[in-house]
Amino acid sequence: MKLFAEFTFETETAETVYMALLPELDDSFSQRSAIGLSLEDKNKLVLSVKAEDAVSLRSALNTWFRLIQIAQEVLETTYEVSC
């Protein structure tokens with residue numbers, strides 16, 4: 001079974017989050033899934049995941065959702081401290 005999921009995150013910091021996560025694409029988290037990360041406009045981060053099975057899809061999504069969340073939280077914390 002082949003599965004595919006795509007999510008678009010709209011945020012003012014999409015470009016910064018994208019740049020922060022690019023190095024993570026070099027690491028292969030699993031051989032049963034493939035990750036795509038792209039930037040549409042300056043405010044839309046697009047995450048796409050292809051997986052061999054439901055377990056791999058869930059695992060990859062959980063990992064990448066968490067990475068995006070952490071990057072966003074770091075930016076928010078950094079912004080609060082600098083103000």
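Computed over heavy atoms, backbone and side chain alike; hydrogens, waters and symmetry mates excluded.
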Could I get the full list of ring pair (Phe, Tyr, Trp, His ring centres under 6.0 Å) partners for Phe4, not counting sequence neighbours? none
Check residues 9-20 and write down every donor-acceptor pair under 3.5 Å in which the side-chain atom is one partner and the other belongs to a residue at least two apart or another chain.
residue: Thr11; atom: OG1; partner: Thr13; partner atom: N; Å: 3.3
residue: Thr11; atom: OG1; partner: Thr13; partner atom: OG1; Å: 3.1
residue: Thr13; atom: OG1; partner: Gln72; partner atom: OE1; Å: 2.7
residue: Thr13; atom: OG1; partner: Gln72; partner atom: NE2; Å: 3.2

Counterpart residues, side chain to side chain contact (heavy atoms under 4.5 Å, CB included), relative to Glu24 (two or more places apart): Leu21, Asp27, Phe29, Trp64, Leu67
Are Phe7 and Leu37 connected in the hydrophobic side-chain network, where two residues link if heavy atoms are under 4.5 Å apart? yes
Tell me whether Leu39 is reachable from Leu75 by hopping between hydrophobic residues (I, L, V, M, F, W, Y) whose side-chain heavy atoms are closer than 4.5 Å. yes
Please identify each residue that fulfils side chain to side chain donor-acceptor pair (under 3.5 Å) with Ser56, with sequence neighbours left out. Arg32, Asp53
To the nearest 0.5 Å, what is the distance between OG (Ser38) and CG (Leu45)? 7.5 Å
Rounded to the nearest 0.5 Å, the OG1 atom of Thr8 sits from the CG atom of Leu47 at a distance of 9.0 Å
Set of residues satisfying salt bridge (Lys or Arg N to Asp or Glu O under 4.0 Å) with respect to Arg58, sequence neighbours excluded: none
Is it the case that over 12 heavy atoms from other parts of the model lie below 6.0 angstrom from the CD atom of Glu73? yes
Residue pair Leu57 / Ala51: nearest heavy atoms and the distance that separates them: N-CB, 3.5 Å
Sequence neighbours excluded, every pair satisfying salt bridge (charged side-chain N to carboxylate O under 4.0 Å, His left out) that has a member inside residues 35-52: Lys2-Glu52
Hey, is the main chain of Val55 close enough, under 3.5 Å, to the side chain of Ser59 for a donor-acceptor pair? no
Are the side chains of Leu25 and Leu22 in touch, meaning some heavy atoms are under 4.5 Å apart? yes
With clusters built from Ile, Leu, Val, Met, Phe, Trp and Tyr whose side-chain heavy atoms come within less than 4.5 Å, directly or transitively, what are the remaining members of the cluster of Ile70, listed by chain and number? Val74
